[in-house]
Each structure stands twice: as structure tokens, then as C-alpha cells.
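Count residues from 1 along the sequence.
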Amino acid sequence: MLLGALRSLLLTLWRFSIIYSSIVIAWLYCRIMNLDFEIVDTGTNQHKTIIVGLYLVYLGLWWWLNPYVVRNRRH
């Protein structure tokens with residue numbers, strides 16, 4: 001029963017990761033590049049393009065992996 005609840009929670013987090021992953025990607029990018037978010041947020045710069053590109057890569061991976069995750073949940 002506890003294992004089923006944990007699986008359900010993880011599946012829900014997986015589904016919502018489409019939303020919160022953009023924040024995590026931006027935060028990690030700022031940390032790795034040692035930038036303040038203020039620099040990324042103001043104006044147009046290549047940092048925004050890279051963050052959007054990373055997010056699109058994540059979405060592609062999510063759409064590719066989602067059928068496997070959902071299928072394994074039902075078993």
C-alpha cells in the first residue's frame with residue numbers, strides 16, 4: 001500500500017516536471033555559469049536562448065520517456 005502511494009506520488013511529480021523543470025533548468029544554469037538571475041532576466045541575451053534550448057531538450061526527452069513511465073506504472 002505504501003509502495004503504491006509512493007509510485008503514485010512519483011508519477012505525479014513526473015507529470016508536473018514539465019512545469020517546474022524550467023525553473024530548475026534556469027536555476028542550475030545560473031549556478032553552473034556563475035551568473036545572477038538578474039543578468040539572465042534583463043534584456044535579450046544568449047543565456048535565455050540556451051535555457052530555452054535546454055528546456056526544449058527536456059521536453060523532447062519527457063515525451064520520449066513518458067509512455068514507458070506510464071506503462072511501467074500500470075504493471
Less than 4.5 Å apart, any side-chain heavy atom of [X] and any of [Y]?
| X | Y | result |
| --- | --- | --- |
| I51 | W27 | no |
| W14 | W62 | yes |
| S17 | Y58 | yes |
| T12 | F16 | yes |
| V40 | C30 | yes |

Measuring from atom [atom1] of [X] to atom [atom2] of [Y], what distance do you get when rounded to the nearest 0.5 angstrom?
| X | Y | atom1 | atom2 | answer |
| --- | --- | --- | --- | --- |
| L54 | S22 | CG | OG | 12.0 Å |
| N66 | L61 | CG | CG | 12.0 Å |
| H47 | D41 | NE2 | CG | 12.5 Å |

Among the clusters formed by ILVMFWY side chains lying less than 4.5 Å apart, do [X] and [Y] turn up in the same one?
| X | Y | value |
| --- | --- | --- |
| V69 | W63 | yes |
| L35 | L28 | no |
| W64 | L11 | yes |
| Y68 | L10 | no |

Closest non-hydrogen atom pair, T42 against N45: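 So the minimum-distance heavy-atom pair works out to O-ND2, 3.7 Å.
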- prompt: Quick check: does any side chain N or O of Y20 sit under 3.5 Å from a backbone N or O of L13, one acting as donor and the other as acceptor?
  reply: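 Answer holds: yes.
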query: Has the side chain of Y55 got a donor or acceptor atom that lies under 3.5 Å from a matching backbone atom of I18?
result: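 Between the backbone of I18 and the side chain of Y55 there is a qualifying donor-acceptor contact (under 3.5 Å).
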